[in-house]
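Below is one structure, written out as structure tokens, with a few remarks after it.
These values consider heavy atoms only, across backbone and side chains, with no hydrogens, waters or symmetry-generated copies. All chains are named by letter (A, B, ...) in the order of the sequence lines, taking the proteins before the strands, and each is independently numbered beginning at 1.
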Amino acid sequence: MRNMVSDAPRTTLTAFYWAFILYLLLPLTLMMAMSFKDANFVAFPIGDWTLDWYAKVMQDKQFLEACLYSIMIAAASTLAATTLGTWIAMLIVADGIRGRTIIFALACLPAVVPGMISAISLRIFISTIDMPTGTAAIILGHTVHAVPFVVVMALTRLRSMPRNLVDAARDLGADGVVAFFRVTLPYLGPALFGGMIFCVLLSIDDFVRTFFLGGYRPTLPMLIFAKVQGGMSPEINAMATIVLVVTAAVGLYAEFITRRARTR
Amino acid sequence: MEPVVQFDNVNKSYGKHVAVDNLNLSIEAGKFVTLLGPSGCGKSTSLRMLGGFETPTSGRIMLSGKDVTRVPPNKRNVNIVFQDYALFPHMSIAKNIAFGLELKGFDNQRIHRRVSELLELVQLQDYAARLPAELSGGQRQRVALMRALAPDPDVLLLDEPLSALDAKLRQQMQIELKAIQEKTGKTFMFVTHDQEEALTMSDTIVVMNKGRIEQMGDPNTLYGRPGSVFVANFIGETNLLRSTVISSEGDVAALNWNGITITANPGGLAPRHGEHLYVVLRPEAIHCSAAEPVSGNRVKGKIRQRVFKGNHTSLMVEVGGGAMLNTLVHPSDVAQLGGEDIWLGWKPETTTVIPDRHAHN
């Protein structure tokens, strides 16, 4: 009896945990299962199984183009956000910088501003400066959104960096630039790699900002959204499954790499 | 000969805090010079100023005849071995050592030759491709040393490099460091708070206290003839006998210590009657015996504490007036002393006299 009472919180927690896992996985599993259904309607029972939807998706020019476009935007915004974020992180840890708290707070702001607000303000901003909607505007929006994540990851790593490393490089004849590229940057490497993967995933995933800033060329989420409006079909499920599997694989791989580098 | 390093009236202060107070110091080429002192005495600041990582508030630093006071670290020919080694974690041992050579613009063949030569010097040839994390503390220490020596600096600066090692390894590294210094003929400027390290390796020890040089000399002189109470206390163990001058004539002064009359050589002090002096009496200069010594200073005492230290036994002996003398005897001699009541004797020439005014540190 005593045992049951003292075990109660633990048992409850375990039950909640499994409920959560179920809640997380069940919709995804359903979505994946439907992508293999040999019929036009997304509903049970599944009956016959097929890979036709995947074949169709892989031949869908629209889908492939949207994929390419999303990847291009992700690459560009990741590059910009990583450069900017690293620079801001370096600035925050530098000697004799005033107001580092304010710099840090400002750098983190885009991560906490609601996506919709951020999207509308960016839209107003680009029309104020007469910037057309489209690729450049989307990249700008995604970059702003991704910078805080790079800053936080780079800062964490920078703070664990032995102070003397840069001094040692300087002592051995490196000027500030050489010391940065040959010592600081490689030291930041694993953190930046993790940050970059995160930026890529954020960008590929983004819908709201892209919706407000985009032109006529659809990114992947926009394409899927457009297709859903035309009615659910297992083809959409197949598309979503491909995106899910690829992004999950990339995310897990990045986590694996950064973890291995961290334990070194 | 022109000194390699010269500090001319160098001051460094941080706000109101004075870290280095009018430092004047010349270092000769090929010497092993140690800056010794407690933390906050200005030794590390002096080293960092020579390395180029701190700029003096005033004064001038000369390196091989050139004014380097305001030259950035990458443009001056000195290298530092850092306390935590600061090896580049993502580079192999060979790459670490090659770093300074690459920046000097040496060609690959020359770099390769120099790196293998240095690795061989510390018997780490087989570790060239390893990462620093795969090495032991002592090995990392050697790599840090070789990396700093590789570009052939005018002076090698060592910032408490042995403090992270355990006692046994530290002793071994002391001997190795000294051997490398002698083999390479480099000028070493070593910073430590450990007097034993300083005594073991140095040609010259510079004792620093509160940003100033307290005393400078070879280890023998500093140990045998400390110039101040601070130095006497900081280097080795010591008994400080605060005494009053009874009379002084040339090399012999009669002193009153706790009601006991002792003699000492006042050196050049020529003290007057009634003046206070300190007599520095090292534990090993005291001879313990059961019978009263026939000559020299002698005092009767009672053993209050014995501590066996392996190669010697340390005795705390109470003499008249509650004063304690710290002395040591060979373990096999302890039995010959008989009981607890013993005689302590020492020759006047084994002591040094320090004026009292230096005591207020």
Side-chain angles (χ1 to χ4, degrees), chain A residues 82-83 86 89-90 93-98 100 150 153-197 253-264, chain B residues 14 44 47-48 50-55 71-92 95-106 111 130-134 140 143-153 155-161 164:
Chain A
T82 308
T83 312
T86 309
M90 294 284 294
V93 294
D95 288 325
I97 287 288
R98 279 166 199 241
R100 60 185 81 212
V150 178
M153 290 188 91
L155 260 187
T156 314
R157 184 82 177 152
L158 273 177
R159 292 210 164 114
S160 76
M161 178 162 160
R163 238 200 100 77
N164 283 338
L165 281 189
V166 173
D167 281 356
R170 302 266 288 135
D171 185 60
L172 290 163
D175 58 24
V177 178
V178 174
F180 175 77
F181 281 104
R182 295 209 46 192
V183 175
T184 310
L185 205 56
Y187 188 84
L188 285 178
L192 290 186
F193 180 74
M196 285 169 91
I197 296 289
Y253 173 72
E255 174 62 20
F256 170 72
I257 290 283
T258 43
R259 184 163 301 195
R260 199 180 58 177
R262 226 176 287 141
T263 52
R264 257 200 191 160
Chain B
Y14 302 95
S44 285
L47 179 127
R48 287 181 66 82
L50 183 53
F53 293 102
E54 305 278 353
T55 313
V71 174
N74 50 323
K75 297 263 168 64
R76 50 174 92 185
N77 205 14
V78 294
N79 290 124
I80 303 185
V81 178
F82 290 91
Q83 187 168 8
D84 57 0
Y85 317 144
L87 296 176
F88 306 128
H90 56 285
M91 290 184 204
S92 69
K95 275 275 169 202
N96 262 282
I97 297 175
F99 192 86
L101 300 171
E102 286 169 17
L103 288 167
K104 278 204 152 187
F106 287 8
I111 292 173
R130 304 248 186 125
L131 289 174
E134 297 169 301
R140 268 182 248 178
V143 174
L145 183 66
M146 290 307 119
R147 183 179 70 176
L149 272 177
D152 202 26
V155 187
L156 187 78
L157 308 179
L158 302 105
D159 188 7
E160 308 219 14

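- Closest non-hydrogen pair, Val183(A) versus Met161(A), comes out as CG1-CE, 4.3 Å.
- For the pair Arg170(A) (side chain) and Pro73(B) (backbone), a donor-acceptor distance under 3.5 Å is absent.
- Looking at Arg182(A), the atoms closer than 4.5 Å to chain B (heavy atoms on both sides) sit in the backbone and in the side chain alike.
- Both the backbone and the side chain of Phe88(B) come within less than 4.5 Å of a heavy atom in chain A.
- Proximity to chain A (any heavy atom under 4.5 Å) is restricted, for Glu102(B), to the side chain, taken from C-beta onward.
- Within the 4.5 angstrom heavy-atom criterion, only backbone atoms of Leu87(B) (N, CA, C, O) approach chain A.
- Among Leu101(B), Asn79(B), Asn74(B), the residue with the largest count of heavy-atom pairs under 4.5 Å with chain A is Asn74(B).
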Step-by-step side-chain contact (heavy atoms from CB on, under 4.5 Å) determination, Arg147(B) to Tyr85(B): CA-CA 10 Å; Arg147(B) 183 179 70 176; Tyr85(B) 317 144; over 6 Å; no
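- Contacts of Val166(A) with chain B are absent, with no heavy-atom separation under 4.5 Å from either backbone or side chain.
- The contact between Ala169(A) and chain B is made by backbone and side chain atoms together, counting heavy-atom distances below 4.5 Å.
- A salt bridge does not link Asp152(B) to Lys104(B): none of the charged nitrogens lies less than 4.0 Å from a carboxylate oxygen.
- Asp159(B) places no side-chain N or O within donor-acceptor distance of the main-chain N or O of Gln83(B), the cut-off being under 3.5 Å.
- Looking only at distances, no side-chain donor or acceptor of Asn164(A) sits under 3.5 Å from a matching main-chain atom of Ala86(B).
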